[in-house]
Amino acid sequence: MVGRSYIAALALICLCLFYHLEITAATEFTVGDSAGWSFNVQNWPNGKSFKAGDVLVFKYGLGTHNVVVVDAEGYNSCKPKSDSKTYTSGNDKITLAAGTSYFICSYPGHCEAGVKIKVTAS
C-alpha cells in the first residue's frame with residue numbers, strides 16, 4: 001500500500017511540474033508572420049496574447065529596415081531618441097518584459113508607413 005501511495009504521489013508531482021512548464025514556457029513570435037518586419041505591420045499584434053519572457057523575432061532583409069526600441073512618444077512621433085537601442089541584423093530577437101513595448105523602423109518614411117508595433121505583455 002505504501003508503495004502505491006508513493007508512486008501516485010510521485011506521478012502527481014511530475015504531472016504538476018509538467019503542467020507548470022507548459023504554462024510558463026515562452027513563445028517565440030515572428031513579427032509580421034510570413035511577411036516579416038515590413039510595411040503596414042502595425043496591426044500584427046492585434047488579437048495575440050503576449051507574456052513577459054516571450055520572444056519577438058524581427059525578420060527583414062539586411063539593410064532594408066532596422067528595429068528601434070522606443071517609448072510611447074517615439075512610437076507616436078516616429079522619432080527615436082538618440083540613445084534608443086537599435087537592431088540591424090535582419091533576424092533580431094527581443095525578449096518582452098511585462099508592460100507595453102514599442103518598436104519602430106527609423107529609416108526615413110518607414111515608421112510613418114506602418115513599420116512599427118506596440119505590444120503589451122502580461
Side-chain angles (χ1 to χ4, degrees):
M1 214 39 143
V2 173
R4 286 186 184 169
S5 296
Y6 177 76
I7 291 172
L10 188 58
L12 183 60
I13 290 169
C14 289
L15 184 62
C16 289
L17 286 173
F18 178 74
Y19 180 72
H20 178 71
L21 288 174
E22 284 293 310
I23 290 174
T24 59
T27 302
E28 192 169 282
F29 292 92
T30 298
V31 174
D33 299 319
S34 62
W37 181 236
S38 60
F39 296 100
N40 299 310
V41 75
Q42 73 270 14
N43 293 322
W44 171 82
N46 295 351
K48 294 176 178 60
S49 295
F50 301 96
K51 303 182 308 288
D54 284 349
V55 176
L56 298 182
V57 181
F58 295 82
K59 294 186 178 193
Y60 53 94
L62 205 54
T64 61
H65 296 293
N66 64 14
V67 180
V68 184
V69 181
V70 295
D71 58 14
E73 181 183 336
Y75 180 83
N76 292 323
S77 69
C78 288
K79 291 183 172 64
K81 293 180 177 153
S82 60
D83 63 343
S84 296
K85 175 71 176 160
T86 302
Y87 297 85
T88 59
S89 75
N91 190 37
D92 310 312
K93 294 184 179 191
I94 301 174
T95 302
L96 293 172
T100 302
S101 299
Y102 303 89
F103 307 95
I104 68 170
C105 176
S106 67
Y107 283 25
H110 288 205
C111 177
E112 293 84 355
V115 189
K116 64 181 189 173
I117 60 168
K118 173 174 70 170
V119 174
T120 301
S122 57

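What's counted below: heavy atoms across the whole structure, side chains too, no hydrogens, waters or symmetry copies.
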Of the non-hydrogen atoms in Gly36 and Val41, which two are nearest, and what is the gap between them?
O-CG2, 4.0 Å
In Å and rounded to the nearest 0.5 Å, what is the CZ to OG1 distance from Phe58 to Thr30?
10.5 Å
Which atom names give the shortest non-hydrogen contact between Leu62 and Thr88, and what distance separates them?
CD1-O, 3.2 Å
Tell me, do Phe103 and Trp37 make a side-chain contact under 4.5 Å, heavy atoms counted?
yes
For residues Val115 and Ile104: do they belong to one hydrophobic cluster (side chain heavy atoms under 4.5 Å, members Ile, Leu, Val, Met, Phe, Trp, Tyr)?
no
Which residues pass the side chain to side chain contact (heavy atoms under 4.5 Å, CB included) test with Tyr107, not counting sequence neighbours?
Asn66, Cys105, His110
Please list all pairs meeting side-chain hydrogen bond (donor to acceptor under 3.5 Å, both in side chains) that have one or both residues in residues 77-86, counting only residues at least two apart or in different chains.
Asp71-Lys81
Does Lys118 form a side chain to side chain contact (heavy atoms under 4.5 Å, CB included) with Thr100? I'd like the steps, not just the answer.
CA-CA 7 Å; Lys118 173 174 70 170; Thr100 302; 3.5 Å; yes
Indicate yes or no: at least one non-hydrogen side-chain atom of Tyr102 is less than 4.5 angstrom from one of Asn76.
no
Please give me the minimum heavy-atom distance between Ala52 and Ala121, naming the atom from each residue.
N-CB, 3.7 Å
Does a side-chain heavy-atom distance below 4.5 Å link Asp54 with Phe29?
yes
With a 4.5 Å cut-off on side-chain heavy-atom distances among I, L, V, M, F, W and Y, is there a chain of contacts connecting Val68 to Val119?
no
Within a strict 4.5 Å, meaning less than it, do heavy atoms of the Ile117 and Asn43 side chains meet?
no
Distance (rounded to the nearest 0.5 Å) between Leu96 CG and Ile94 CD1
8.5 Å
Donor-acceptor side-chain pairing of Tyr60 and Asp92 below 3.5 angstrom
yes
Any cation-pi pair here, Lys116 with Tyr75, using under 6.0 Å and within 45°?
yes
Find the distance between CD (Glu28) and OG1 (Thr95) and round it off to the nearest 0.5 Å.
9.0 Å
Ring centroids only, cut at 6.0 angstrom: are His65 and Phe39 within range, meaning strictly under it?
yes
Passes side chain to side chain contact (heavy atoms under 4.5 Å, CB included), Val57 versus Val31? Steps please.
CA-CA 6 Å; Val57 181; Val31 174; over 6 Å; no
For Glu73, look at atom CD and say whether over 12 heavy atoms of other residues, nucleotides or ligands are found less than 6.0 Å away.
no
With sequence neighbours left out, which residue pairs that include part of residues 59-102 fulfil the disulfide bond (SG atoms under 2.5 Å apart) condition?
Cys78-Cys111
